[in-house]
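In listed order, ligands and their atoms are each counted from 1. The model shown is predicted, which means the values in this text are computed figures rather than measured ones.
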Amino acid sequence: MGDFNSSSMEDDDMAAPLFERQLRKNYVQRAVDITILLLMISLLSYRLVSIRSHGGDGWEVKTWQVAMGCEAWFTFVWVLVVSTKWNLLRYLTFPQRLLQRKRELPALDMFVTTADPELEPPIIMVNTVLSLMAVDYPGTAHKLAVYVSDDACSPLTFFALSEAAKFAQLWVPFCRKHNIQVRAPFRYFSPTAERPPSASGGSKSPEFQQEWKHIKNEYESLNWKIEDARKKPVSSILSAGEFAAFANMDRGNHPPIVKIIWENKETEPDGLPHLIYISREKRPKHHHHYKAGAMNALIRVSGVMTNAPFMLNVDCDMYTHNPQIVLHALCLLLDPRSQNDTGYVQCPQQFYDGLKDDPFGNQLVVLQEGIVSIQGPFYGGTGCFHRRRVIYGALPKNVDSKKKNARSMDEISLSEFGSSEQFLKLVTRALKDESGTEKDLPSSLEAALHVASSGYEYGTSWGKKIGLTYGSTTEDIFTGMKIQSKGWRSAYCSLDPPAFLGCAPTGGPASLNQMKRWSTGLLEILVSKSNPIRATLLGRLQFRQCLTYIWVLIWNIRSIPELIYALLPAYCIITNSHFLPKVHERAIMIPASVFAIYNIYTLLEHFRCSLSARAWWNYQQMARINSACAWLFGVLTVLLKVLGISDTVFEITKKEQSTSNDQPDADLGRFTFDESPIFVPGTTLLLVQLAALAMLMLGIQPAPGGANGSGLAEVACSLLVVLYFWPFLRGLLGKGKYGIPLKTIYKSAALSTVFVLFCRFPSVGLHR
Ligand SMILES: O=c1ccn([C@@H]2O[C@H](COP(=O)(O)OP(=O)(O)O[C@H]3O[C@H](CO)[C@@H](O)[C@H](O)[C@H]3O)[C@@H](O)[C@H]2O)c(=O)[nH]1
Ligand SMILES: [Mn+2]
């Protein structure tokens, strides 16, 4: 099998570079960021200086202090933001230059993870697989392999893949011949696409049209077969031989299954990539570590079967939208400058059929812009190319090995990889950056089953020093941080058309649950032994990269000051006190201008990413809703874990082929609710504001303590909170899934009554 190693490096050094880094000019942004920071510091100073004069009596001092505490936290977070966004970097890649070099392209193993055929319909996964099998890899497609990990051990998934492999025999040559751009058939044949779309070059020859129709029919029949198989008993969809492997299988308790669905036996350069199905062993007594565990099984199985030096991993819904992606990513990995520098290449997470103006604020366009520069982007779990030896724990060469502690953290012995001799041999090769195996696929099956067994990791360093790291539901960020703490950088590959497109959750429950899982996982990293602070002190994580990690890892802690800050205006109205300067005082200009500048600036940021003002507003709303609901629950979940009461779980997000057509258009982006307690904090917050505003209008506020009653500023803030939680206000009146369930409303009403009583009757609370 072909080898790729870095021997002819000298020729390369002379050649034109495969990529360029471009710093983007962002002086205006920096100036605005610093201005906001200075204003926030002045606000804190003002609070400190005026604490006595504004204090009135004891309790008012407390309000002032509480506000100051929250603002101090926001200022701290802002420092992290400024540092993160200080430099903005762009990468340009030149795949043509890569192809002009007369060297062979390296092998690549591509991983797809799926875990539930109900939440992740097999047809979506199949499309991802087909798009991967059809990527452009001129003359070298036999060095590609696609591995699918199925954590559900579902015969339906296996059946769907077997059928897809047959369809691929038509689909892949068709895409290559006509240079089709969209290589996931469900997108290519979608009702909104051009019909029949022209081949590139615009040819709509009768011959092409005929072929197009034929392939479309075949795809429809594939679709139908998979749909039909859903309704049938397992024994009728699989042949007797195949069925045996899946008969009476319990998804949480079964032996490993590895099946070669398609093998490119002739090693035809323009043949189809290998396609391999894996369902790793699961036993109740062994924790399976969710996606991280699945990935580690994939890494080992591919390690014995094909042992490619590079690996790509995608979620089952993330199809490749740009057939040139592998070439672009390899530019970033193969350039002589990156061999000992770039550990992985991450593509942005982008989504198909995004709803207009991003009503759930989860397309994350603006967020991803900023995190690229210092030591490189985070590993985002999908759309990421890894170097195998880096995942095996290798250090960049020439790394500063003076750090004593770092050295002990770095050392890995071969025995830590487990007990499979065949695998260990190949690990040694991979660590030397050599690739390939001596055996063909079928003869490596036995070893593959061995490394896919649930007990394999017992007593090894998998999940700790090797492979994806366990212990966080955001295993991706955790693993990327570990790689960077060895001194590796990462690179960002943002293409047009986008490299990968996936499915963003829609609706309130799915969006909030995803946010909750992310924020839980992030905080889990912070409280773990391998947190970024340690990685900076003992390892090689750069200081500013550490700040960037801390910024995201403490996301959900902000829910607490934010919640308190959002309660303050209501509290002040109810008690007729104040937490902001009076409107006639000059000092009001400080918070007012922070607010104005921040909002204008984020609005312009959205415009720069070609997003609408509406999208900006939706994002602001969702940021507040996420914070009050999802992040707050994230903090609680981690708290329960730290106290040893319950462990965190990875709840899978439901994937849809496209935004469903069964609801009327007007309701497409409308916020939805379910019975989950996650909606209680948001509803309570809203009810509290409404109660406060009602008391104001009815004129039943108490007399102010001193001359410092609540004023316009408090009322404006309270109204603002109501605007941010507008989707909840609609939810109070809405019906069905658009309405907040009565149970949630009762709970929230009870909580807000307690809050109002606490404010009004000081003896109940700490008041005076
Ligand atoms: O036990 C499990 C659970 C999940 N998955 C797979 O993990 C992927 C991501 O799950 P999803 O429900 O789509 O989560 P998202 O929040 O959309 O995923 C983002 O965030 C995750 C971390 O929280 C990362 O793992 C993902 O790569 C990243 O795309 C999917 O392919 C699943 O099939 C498994 O293989 N086994
Ligand atoms: Mn997903």
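- If you check the side chains of Asp109 and Tyr147, you find no donor sitting under 3.5 Å from an acceptor.
- Listed by chain and number, residues touching ligand 1 at under 4.0 Å (heavy atoms only) are Thr113, Thr114, Ala115, Glu120, Asp151, Tyr290, Lys291, Ala294, Asp315, Cys316, Gln349, Gly380, Gly381, Thr382, Thr473, Thr474, Glu475, Asp476, Gln514, Arg517, Trp518, Phe650, Ile652, Thr653, Lys655.
- Each of Glu457, His289, His287 was evaluated against Tyr470; a single residue qualifies, Glu457, per the side chain to side chain donor-acceptor pair (under 3.5 Å) test.
- Between Trp555 and Trp551, the ring planes are perpendicular. Angles over 60° get that label, and only those under 30° would be called parallel.
- Counting only residues at least two apart or in different chains, ring-ring contact (aromatic ring centres under 6.0 Å, His included) contacts with residues 311-330 comprise Phe186-Tyr319, Tyr319-His321, Tyr319-Tyr352.
- In this model, a donor atom of one side chain and an acceptor atom of the other lie less than 3.5 Å apart for Tyr219 and Asn127.
- Between Arg388 and Ser302, the side chains place a donor N or O and an acceptor N or O closer than 3.5 Å (distance only, hydrogens not considered).
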